[in-house]
Number of protein chains: 2
Amino acid sequence: MATTSDFERMLRSAALRVTRPRVAVLGAVDAHPHADTDTIIAAVRRHLPKVSHQAVYDSLHTLTEAGLVRRIQPNGSLARYEARVGDNHHHVVCRSCGAIADADCAVGAAPCLTASDDRGYSIDEAEVIYWGLCPDCSTPRDS
Amino acid sequence: MATTSDFERMLRSAALRVTRPRVAVLGAVDAHPHADTDTIIAAVRRHLPKVSHQAVYDSLHTLTEAGLVRRIQPNGSLARYEARVGDNHHHVVCRSCGAIADADCAVGAAPCLTASDDRGYSIDEAEVIYWGLCPDCSTPRDS
DNA sequence: GTCATAATCTTGAATGAGTCAAGAAAACGG
DNA sequence: CCGTTTTCTTGACTCATTCAAGATTATGAC
């Protein structure tokens, strides 16, 4: 498991200042994959009760820009963040309860990166969201 | 090009009541692929100046549920709609200007539909967004 | 260690896409 | 043409996110 000094190192190597809020946000995102902003704020405040929501928003933006966290936002849901970056994995989202799980990509390291017709765009990333029902929602038990 | 009676027929076969706002919304989405809600409202009002924004929101929801239009919402952007449905095509989004283009799927009719590990989810759709730069943004001309 | 400077955080207000609710109007089956 | 049910209008409201100004803090140089 990642420690505080790991997070500090990550910040430094991204040329970012090491501040308590940032370390806490990085830790919260790492500990709660796919959490929305409110959840992250709550998690951060468990360690630093006084951080403002704004500091968390700022940190998330900065960390996202630096590539230390990734922002995802499936149709109609709030912004969510995850610390697993750089491995081009994808997500499975439950249509019913909104649960999100990771899905490794079927085809190598940077897959699907080729659209059949790229319309002249220079593509650098393919983001895939699988929609379906999670195990809990797909076996309806009327209780 | 699709006509008003085409739209009426589509509504009827989806078991939806045929109302002027709905026909106009369907037409606007068909005429402005990937438009956001404001654009659609504006387009609708060119034909029916008095429609409320609420009627447009309602229509879009209803049409989306009926599968006559599709809602897409790339990271951080507003909700956008398109009338091209049922052919499992994907989208290319420009990181710089936000332009969206269609991209046909490389691998058959319902491609990518298999994650390497589906985590127990029953997947019914794979949504792919290619991120990159559009032709205009990738050839920077400093004028 | 101390200082200066620039980045970051706090506080509190504002923005704006989208939703809610109640009554008026329109669509459809008979 | 009528009654019922759905849909539309109007207008207020929510709430995630952003903006702004001043107070704090991190960092590199001395």
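To find a chain, count down the sequence lines: A is the first, B the second, and so on, and within it residues start at 1.
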Below 4.0 angstrom, N of the basic side chain to O of the carboxylate: do Glu82(A) and Arg71(A) qualify?
no

Would you compute the distance between atom SG of Cys134(A) and atom CD1 of Ile123(B) and round it to the nearest 0.5 angstrom?
12.0 Å

Decide yes or no, distance alone: a donor-acceptor N/O pair under 3.5 angstrom between the base of dT7(D) and the side-chain of Arg22(B).
no

From Glu65(A) CD over to His61(A) NE2, what is the distance, rounded to the nearest 0.5 angstrom?
8.5 Å

For the residue pair His34(A) and Asp102(A), confirm or rule out a side-chain donor-acceptor distance under 3.5 Å.
yes

Just to be sure I understand the rule, does Thr19(A) reach a base, reach only the sugar-phosphate, or reach nothing, if contact means heavy atoms closer than 4.0 Å?
sugar-phosphate

For dT27(D), does OP1 or OP2 lie under 4.0 Å from any side-chain N or O of Arg12(A)?
yes

Residue from Arg80(B), Arg84(B), His89(B) passing side chain to side chain contact (heavy atoms under 4.5 Å, CB included) with Arg70(B):
His89(B)

Rounded to the nearest Å, what distance is computed from the CZ atom of residue Arg20(A) to the P atom of nucleotide dT27(D)?
13 Å

What residues from residues 53-67 of chain A pass a heavy-atom cutoff of under 4.0 Å to DNA chain D?
His53(A), Gln54(A), Tyr57(A), His61(A)

Would a 4.5 Å heavy-atom cut-off, applied to side chains only, mark Asp30(A) and Phe7(A) as touching?
yes

Is there side-chain contact between Glu8(B) and Val23(B), with heavy atoms separated by less than 4.5 Å?
yes

Are Leu78(A) and Thr37(A) close enough that some pair of their side-chain heavy atoms sits under 4.5 Å apart?
no

Five pairs per end, C1' atoms only: what is the angle between the end axes of the helix from dG1(C)-dC30(D) to dG30(C)-dC1(D), to 10 degrees?
50°

Could you identify which residues of residues 36-45 of chain B place a heavy atom less than 4.0 Å from some atom of DNA chain D, listed by residue number, or say none?
none

Rounded to whole Å, CG of Leu11(A) lies from P of dC9(C) at a distance of 10 Å

Nearest whole angstrom, please: distance from the C1' of dG18(C) to the CG of Leu78(A).
12 Å

Can you check salt bridge (charged side-chain N to carboxylate O under 4.0 Å, His left out) on Arg22(A) and Asp58(A), steps first, answer last?
CA-CA 9 Å; Arg22(A) 282 181 183 171; Asp58(A) 282 353; over 6 Å; no

Please tell me which of Lys50(B) and Arg17(B) maps to the more 5' nucleotide of DNA chain D, matching each residue to the nucleotide holding its nearest heavy atom.
Arg17(B)

